[in-house]
Each structure stands twice: as C-alpha cells, then as structure tokens.
Number of protein chains: 2
Amino acid sequence: MGKPRINTMEELSAAIGVSRPTLSRFFQDPSLVKPNTVARIEAGLATVEYIPNFFATRLNRKSTGMIGVIIPYLNDLFFTKLLESVEIAAMEAGLTVITQCSHSDPAIEARAAETFISMNVDGALVAPLGDHSDQAVYRRLQSRLPFVMMDSRPNTMQGVDFVGTNHTQSTGLIVEYLCRIGDPPVFLAMPRVNFNALEREAAYIAKMEELGFKPQVLGTELVNEDWHFEKHGEAVLNAELSAGRLAERSILCANDRLAIGAIRAATRHGLFPGRSKEGGFRIAGHDDYPLCPNINPSLTTVAQDTDAIGKKAVSRLLQKISGDLSDDTPEISLFDGSLMLRESA
Amino acid sequence: MGKPRINTMEELSAAIGVSRPTLSRFFQDPSLVKPNTVARIEAGLATVEYIPNFFATRLNRKSTGMIGVIIPYLNDLFFTKLLESVEIAAMEAGLTVITQCSHSDPAIEARAAETFISMNVDGALVAPLGDHSDQAVYRRLQSRLPFVMMDSRPNTMQGVDFVGTNHTQSTGLIVEYLCRIGDPPVFLAMPRVNFNALEREAAYIAKMEELGFKPQVLGTELVNEDWHFEKHGEAVLNAELSAGRLAERSILCANDRLAIGAIRAATRHGLFPGRSKEGGFRIAGHDDYPLCPNINPSLTTVAQDTDAIGKKAVSRLLQKISGDLSDDTPEISLFDGSLMLRESA
DNA sequence: CTCCCTTTTTTACGTATGTAAATATTGGCG
DNA sequence: CGCCAATATTTACATACGTAAAAAAGGGAG
C-alpha cells in the first residue's frame, strides 16, 4: 500500500508526536506505557510502515530473545519432526529461532556455532553429527552459553544437559515383543557412525542375553561410500537372502530407514514380512519415521517421542537461560519409546 | 582452552597493538591490509578468543551479507532437498542464510517476512504456502527487497521473478509415456490447495486432449480435515477400487506422496502396479521424492531438478542484489522434469 | 488551587562496529 | 639523505536503538 515508510524510531517519534524512549518502551512491552498513549501510538503506527531494526534492537539488550538450533541433516524426516517441535515450542515462548543445518559437515557445524556466539543467542540446542564432529565445538558452546544436546550424545560428552530417547527401554521393548511372538531377532546395524545406533545395538545385545538368546549383529561394515540408510539396509539383507540365510528369521533394524530398505530386499526375494505368519519372516524398525504407516507392508516399529523431546529441550534451555536452577547438575531427560504394531512384524 | 576472552574490537586493538579501524578492515577483507600487518594480527588472534559481534557488524554496513529463505513445510523431503540446495549455493557465495519455516501457517509466514525486513537481509527467497497465504506478504517483500519465488507461484503473482519446474513439460512427459506404453492414465489430484497441483492437473488435461484421449480427474474432494498426502492418495484409490473401478487402469498421481498412498491402497486390494504387465494396472507420480527408489514397487515418476532450482534461485537473487540487470523484467526460469522409469509404471 | 504521584519528555550516554578524512608512519628508490 | 607512494593510525562521526536520570507535564485528591 502507499503508506509512508519510516526507517528509524527517531523519525517515528517525530511523525506521531511521542518521544523516542517512550516508543522504545512501547515496542518492548506496551504495558509499560499508559493505555491512552498506547492508543495514540497504535493509531500512528496504522498510518505508516515501520519495522524496528533487528540489529539495533539486540545490540544493547541484555537478552537477544534468540536461540540457536543445529541439526545434522535436513533430508531426514526424523530431524525435521524434531526441529518442528523445537521451533513451535520456542515460538510459543516468544523466542526467535535461528536454525542451522550441518549438512553432514563438521566444518559447517563449527561455523554455525561461531555464528551463534557472534549473535549473542540466549542459548543453543544441538543435535550433533556422528563421530565426525569436532567435539571442541560442543565444549565451546557449553562453556559460553546455556547449552542442551538433543537426540544423540557423544560418549565423551557426559557432563552436558541432554534430551533424547531411552534406547535401552525402546530397543528392549521391541526385542521383547519380537521374542515373545516369534523368533528372536537378528540386528541389522550400520557402520559405526552414529551414537544412537551404537546404543541400540548394545541394548539389543543386553536384552537378548537377558532373555537367554544369542544376539547376532549384521551390517556393521560399510557397503558403499556415500551410502544412504535405505540402500544400506537393502544391500545387507539382500546379501544375506542371496546366500540363503535369514529367510525364516526376524530382523530388527537399527532404524526405520534401514528397515524400509530391508523390506525392499525381502520383497525382491519374494518374501513378505508380516506378523500374521506366526514365527515367520518379520522386519521391524526404530523411530516411527513418518512414512512407516504408508509403505508395504506398513512397518512395525518403536516410536521416539520427538514432540516430547523437542518441548523438553526448549523448556530445559529456558530454565538454564533464566538461571534459576537449584543446582547446576546436568539434567539427562530420556523419554520412553512406544511400540507401534503394524503389519511387518 | 584457557585463551583469554576478548569481547570487543577495541580491547583486541589494545591487546595486539593494531588500531581498531585496521582490524575492522582486516575482518572484512584481509587483502585490504598489508601482509605484514595481517601476519601480526593473525598471530595475535591465535593468542586470544575473539568473535566480532554479529549485530554491530551489520548495523552500519550497506550490505548485511544475509539472505532470508522461507519454506512452507519441513516435513516434506521435497522442500528439504530444495532448501539444502539453496543453503549450499548461498554458502558458496559467502552468504549467511536465515531459514524460516511457515509451518503451514500464513501468520508465521508473515512474521518471517517481517523478520527479514527488520534484519535488512540483502534479499529473500520464498517457496510460498498454498492458497492460504496472504499474498500481501509477498508483495511487501517484493516491494522492499530483491525477491525471488521458488517452487510454486500464486497465479495472481505474475510480475515476480520465479524459479520452478515446467509442469506442462514434466507432466506432459509422463502422460505421454503412460499413453505410449499402455492405457491412458486417470489423474489422482488433491484438494485445490496447491498451485503446482493445479498446474499439473491442467497439463494432464491438455496433454490427454492433445493425444486424443478423454481426461479423468479424481480426488479433488477433501477426504479428512488434517489430511496428509499419503493418506489422501490411499483413501481416494481405495474408494475407487472398492467400488470395482480402476483395477485395470493407469493412475498418474499429482505427486509422489499421493502415489505412495495409492500404491498402498492397491497392494491391500491385491493389486501390484507394474510396467512389466503390458497395459495393466500402473501407478506413477511426480517429483522424484527421495524414497521413490526404495518402496515396493519402486515408483516411476518424473523428477523435478531441485538442485538446479535451488542454484538458479540463489544466482538470480544475487544478480538482483548486485543490481546490474540490463532490464528489470522479471525472469521466469522453468526447469524440465526428467522421466525416472522404475517398477510401478 | 495546590500538592503529590504517575507518566512522559528531555538529555545524555551506552552498545560494537563501519567508514571517511586527515594525519602520521613506513619502505623503497633515486 | 630525502622524497614519494603506500599503508597505518588518529580522530570523528555514523548506525538505530536501549537505558538511566533528571526535568517537565499531567491528573486526581485534598
């Protein structure tokens, strides 16, 4: 529209006849200004086009009202769900979220951290890359601002606030289910690049032994260089089936994307995993990837509570930002997984 | 590490004995400073921990070196791929990317636009929401800064720079393929909330008529309120198959996620779409969603060149930012789709 | 009408850096 | 040794707003 554009608060002050400090207080919190004056300001604002400068606003405030969020990958609906949950929670708390993606590159992750520090964000939330990460980056953030890790945690980062899934519980749950209904599962793992995958593998082994079964882990060797989860799952199971193995077994995949690939391998061998057939060939996953209900067969899995994780991460960060912590012991919040029974197991 | 922390350039100047303006020039571009001095500064920087303040840096520059990017959804790997391409291209151009997601909410989209203006970003790239968007938001951005739309474009926004797919070509390509190899396809559409879907529908109809076939469009009525693409595709095809229709037809879905749902519906009716069976039941999609190769059967589709779209959007935006345009006619860049022949059709 | 309290305005300074102009320094060369 | 050019430093001001203190204005109660 043709509203006159006003660039600074000074000009605005002149235009609507209210002093600049009063305007400043109005933009921070209208309740600090007398209702009568508020009305005058709002009437004036309706007349012009003015947006306070973001940088000038933050330059001399004690709090920027921003938090930084780093996720490792964009092309994974799990992180995307987590990010959505975080962004909504932060928005409800009135925070501006600056999201950065590492794109699988530790150097980019490090740069994102620098940016956050440089922006004086009130706090940072990071879902780390796998092994590759330079953990000095996390320690740096940890030492400079309120900091919470999400999803997975390097085993060398024990003194940090963390929010994630209890993989011992979640993996135990599905191992127990698979053992209860049919054959004890083998575990389709992946190359050791992901902390969570390792935790799940360990949880699988522990639960199997607890139940008196012999654990069996597959797929820890790299299949091809720039592998994707689905391709890896498909390749590993395909090799097994081609060798005449596993056709009557249950297969627990370290995550759903591996399972999607495994299902494809099975289908190409004429096998249709399913729980209908007692004791027969079954495939299960972990995470409850959004597409699980929509594939053939739909994938039995154990859901991570991404929504709870995102909300908790934000609320914990806010708590650390506000500074009213009874003690400064790092808080580890682990949410239980829940069984999603579908067709595949 | 125990490096002393230095907060301002003034302190840094005192600490390493180089004047502040020189430091300022050094941080903007070391080549503006004599190599000898550069060495001295770098030696000093290695001794301390200093990061220039992001806000102060941008406050008084003519260019902030930032661009804003808005995408409508996070939980869709198509947008995620596009965003990745954009972020990488921008990074290579030395730009800081501020990403905001609309989360299907026009109010959030509008707020994101305000944030960009308030941040003095050098330019904005937006993939709009569907119908719901308040188009005043786009016009506002368009009038205030270099602005390029991506992916889809409201038909009322004709005077804007746009980068996307040539849906007439891409849809025509797969319609032609389907007609050539077997039965002319019916079109599985979706409720009219998405501009691209409409373009594809129109392209389908045009190509069918060109080839002398009668177009048939399904699924334009809303199935349930908070529908997802997969569920919609599944529900629509399920209804048809249950009514004894379409079992021998070819089905072209407006996008791959609909197709994934359609395949599931087919499977549950004992139908396995495939191109092996000449003239038989087939399902095809549009987009080349990353999971297409991994489902059962793998999905034949037409790929959007998200990488080219992202790169072009960034380069066009840079061109507008630099301001050296021979004329100011909006540029419309449409990339062709390419056929991805897989198992389903 | 005056006093007192609340709110606003005025004034002034702070935030961390960019930027331009004037001045000083340095190095190379004749 | 001295001059010129390149570079660095000094000085000063600019960016747009936050914030605090002092002064002024406004409004209600007595």
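Atom set for the values below is all heavy atoms of this structure, side chains included, hydrogens, waters and symmetry mates excluded. The model shown is predicted, which means the values in this text are computed figures rather than measured ones. By convention in this document, chain letters (A, B, ...) are assigned in the order of the sequence lines, proteins followed by strands, and residues within each chain are numbered from 1.
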May I ask you to verify if any side-chain N or O of [X] is less than 4.0 angstrom from the OP1 or OP2 atom of [N]?
{"X": "T57(B)", "N": "dT17(C)", "result": "no"}
{"X": "R25(A)", "N": "dT8(C)", "result": "yes"}
{"X": "T8(A)", "N": "dA16(D)", "result": "no"}
{"X": "Y50(A)", "N": "dC17(D)", "result": "yes"}
{"X": "S24(B)", "N": "dG18(C)", "result": "yes"}

Could you go step by step and tell me if F116(B) and F147(B) meet the ring pair (Phe, Tyr, Trp, His ring centres under 6.0 Å) rule? CA-CA 11 Å; F116(B) 290 165; F147(B) 176 66; over 10 Å; no
Starting from [atom2] on [N], measure out to [atom1] on [X] and report it in whole angstrom.
{"X": "M119(B)", "N": "dT15(D)", "atom1": "CE", "atom2": "P", "value": "21 Å"}
{"X": "R61(A)", "N": "dA16(D)", "atom1": "CZ", "atom2": "C1'", "value": "12 Å"}
{"X": "L23(A)", "N": "dC17(D)", "atom1": "CG", "atom2": "C1'", "value": "11 Å"}
{"X": "I41(A)", "N": "dT7(C)", "atom1": "CD1", "atom2": "C1'", "value": "12 Å"}
{"X": "F54(A)", "N": "dC17(D)", "atom1": "CZ", "atom2": "P", "value": "13 Å"}
{"X": "K34(B)", "N": "dA6(D)", "atom1": "NZ", "atom2": "P", "value": "12 Å"}
{"X": "F55(A)", "N": "dG18(C)", "atom1": "CZ", "atom2": "P", "value": "13 Å"}
{"X": "L32(A)", "N": "dG18(D)", "atom1": "CG", "atom2": "C1'", "value": "13 Å"}

More 5' along DNA chain C: T37(A) or R20(A), using each one's nearest nucleotide?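 The 5'-side residue here is T37(A).
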So which nucleotide from [options] ends up closest to the side chain of [X]?
{"X": "L59(A)", "options": "dA20(C), dT10(C), dA16(C)", "answer": "dA16(C)"}
{"X": "N60(A)", "options": "dA16(D), dG14(C), dT17(C)", "answer": "dG14(C)"}
{"X": "M9(B)", "options": "dT11(C), dA16(C), dG18(C)", "answer": "dG18(C)"}
{"X": "Q28(B)", "options": "dA16(C), dT9(C), dG18(C)", "answer": "dG18(C)"}

First of A56(B) and R40(B) reached from the 5' end of DNA chain D, by closest nucleotide: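 Nearest-nucleotide comparison on DNA chain D picks R40(B).
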Heavy-atom nearest nucleotide on DNA chain D for P52(A) versus S19(B): which residue maps closer to 5'?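 Here S19(B) is the residue nearer the 5' end.
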For residues 85-98 of chain A, run the donor-acceptor check on the side chains, cut-off 3.5 Å, and write out each pair with its distance to 0.1 Å, sequence neighbours left out.
unit_1	atom_1	unit_2	atom_2	d
S85(A)	OG	D307(A)	O	3.0
E87(A)	OE1	H103(B)	NE2	2.6
E87(A)	OE2	T99(A)	OG1	3.0

Does any donor atom in the side chain of Q28(A) or S24(A) lie under 3.5 Å from an acceptor atom in the other side chain?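 Q28(A) vs S24(A): donor-acceptor pair found between side chains.
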Any heavy-atom pair between the side chains of I51(B) and E114(A) that's under 4.5 Å?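 A side-chain contact exists here, since the closest heavy-atom pair is under 4.5 Å.
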For the residue pair R153(A) and F162(A), would you count it as a cation-pi contact if the rule is NZ or CZ under 6.0 angstrom from the ring centre and within 45 degrees of the ring axis?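 Because its charged atom sits under 6.0 Å from the ring centre and within 45° of the axis, R153(A) does stack over F162(A).
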